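Notes to accompany the following structure.
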Amino acid sequence: LTRKYSTAYVSLTIATAHEYVKLGRAEKAASILTHVLPAVRAGSLPQDTVILFLLRYSEALAVAGEVLKAYARLIVIVVSV
């Protein structure tokens with residue numbers, strides 16, 4: 001089943017996940033962001049939304065102790081810009 005996510009939905013998901021990081025729940029934030037990862041990979045979102053997603057996802061992973069995964073996400077940002 002393929003879902004189509006709006007830019008607004010993805011942006012609100014990013015904001016919600018960031019609040020979880022600030023509350024010390026980085027694992028939950030990463031889990032939340034994983035749900036919209038297919039929309040990011042589909043290439044249908046504006047570039048600024050994708051970059052913000054990758055930065056927030058990297059932040060959540062790093063705070064959760066997944067430094068290598070966070071680094072890999074940041075590499076994607078550098079390559080795509």
Side-chain angles (χ1 to χ4, degrees):
L1 180 68
T2 303
R3 292 185 180 180
K4 181 151 175 86
Y5 297 100
S6 69
T7 302
Y9 178 80
V10 173
S11 295
L12 289 171
T13 301
I14 293 167
T16 300
H18 187 59
E19 291 300 318
Y20 272 99
V21 169
K22 293 193 297 188
L23 290 170
R25 301 281 315 274
E27 296 87 0
K28 178 70 174 174
S31 174
I32 290 169
L33 290 169
T34 300
H35 290 289
V36 294
L37 189 55
V40 174
R41 288 185 174 151
S44 61
L45 298 171
Q47 187 177 16
D48 60 330
T49 303
V50 172
I51 290 170
L52 182 60
F53 170 85
L54 292 169
L55 286 170
R56 295 294 189 219
Y57 195 32
S58 295
E59 176 187 29
L61 290 170
V63 172
E66 298 286 347
V67 177
L68 292 177
K69 287 182 183 178
Y71 177 74
R73 295 293 173 210
L74 288 174
I75 293 300
V76 169
I77 295 169
V78 171
V79 171
S80 69
V81 173

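What you see is a predicted model, and the numbers here were worked out from it, not measured in a lab. Nothing fancy with the numbering, it's 1 onward along the sequence. Heavy atoms only: backbone and side chains are in, while hydrogens, waters and symmetry mates are out.
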Can you give me the closest heavy-atom contact between A62 and V67, atom names plus distance?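 Distance-wise, the nearest heavy atoms are O-CG2, 4.4 Å.
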With a cut-off of 3.5 Å and sequence neighbours excluded, list every side-chain donor-acceptor pair involving residues 20-44.
unit_1	atom_1	unit_2	atom_2	d
K22	NZ	E19	OE2	3.0
T34	OG1	A30	O	2.7
T34	OG1	Y57	OH	3.2

What's the spacing between L52 CG and L45 CG if we round to 0.5 Å?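 Between atom CG of L52 and atom CG of L45 there are 11.0 Å.
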Please list, chain by chain and in numerical order, all residues satisfying salt bridge (Lys or Arg N to Asp or Glu O under 4.0 Å) with E59, sequence neighbours excluded. R56
Give me the one residue out of T49, L54, L55 that meets side-chain contact (heavy atoms from CB on, under 4.5 Å) with I14.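 When T49, L54, L55 are each tested with I14, the side-chain contact (heavy atoms from CB on, under 4.5 Å) holds only for T49.
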In terms of hydrophobic clustering (I, L, V, M, F, W, Y; side-chain heavy atoms under 4.5 Å; direct or indirect links), are L61 and V50 co-clustered? yes
